[in-house]
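Please read the structure below before turning to the comments.
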Amino acid sequence: ATPQLWPTTKAKAAVEAQNSLRTIKIIEGQGGKTKRKGVGTECTITLRPGEGIRELKVEIRDKFGKVKGHKLSSLALVEDGKVIGLVGKSGDLRDGMTLACRYTPATGNPRFGGYRYSFF
């Protein structure tokens, strides 16, 4: 493949956004009652340069705790109280944006919590 002499402006903007400090507001967060006692369902998370979606999801779990039987599946972009799309890449994270947490049921070990061993 031929190397690009001038990167596209979209790619350049994504790189610049990742190399800066970003403050992101999180809404509709769920978790353990003891973990989110002081937080509620909303919080603000600051991402350092180079951090992306993976680090953001780790921070969300740290703030709210884990949801029993569910996992944090995606983050939805919210503007004016309406969901307008999903955030798919780390380059989509901008300073001052609002994201809503989306959870899906987690398929865990179906035998966990019941009898672990069969005696028959």
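Small disclaimer: the values here were computed from a predicted structure and weren't measured.
Here R61 contributes atom CZ and K66 contributes atom NZ; the two are 7.5 Å apart, rounded to the nearest 0.5 Å. Of the inter-residue distances, the one linking E79 atom CD with I84 atom CD1 reads 3.5 Å to the nearest 0.5 angstrom.
No single ILVMFWY cluster, assembled from side-chain heavy atoms under 4.5 Å apart, contains both I27 and I53.
Of all non-hydrogen atoms in R22 and R94, the two that sit nearest each other are CG-C, 4.3 Å. Of all the heavy atoms in S90 and G52, the pair that sits closest is OG-CA, 3.3 Å.
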All N/O donor-acceptor pairs, side-chain side in residues 99-106, below 3.5 Å, sequence neighbours left out:
{"from": "R102", "atom 1": "NH1", "to": "E28", "atom 2": "OE1", "distance (Å)": "2.5"}
{"from": "Y103", "atom 1": "OH", "to": "Q30", "atom 2": "N", "distance (Å)": "3.1"}
{"from": "Y103", "atom 1": "OH", "to": "Q30", "atom 2": "O", "distance (Å)": "3.4"}

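Each of L75, T44, L47 was scored for a side chain to side chain contact (heavy atoms under 4.5 Å, CB included) with I24, with one residue passing: L47.
I26 has its side chain within reach of F64: a pair of non-hydrogen atoms, C-beta onward, lies under 4.5 Å apart.
Not a single salt bridge (Lys or Arg N to Asp or Glu O under 4.0 Å) links K57 to another residue, sequence neighbours left out.
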> Checking side-chain contact (heavy atoms from CB on, under 4.5 Å) for the pair L21/D95: CA distance, chi angles, key distance, verdict?
Replying inline: CA-CA 8 Å; L21 198 65; D95 186 37; over 6 Å; no

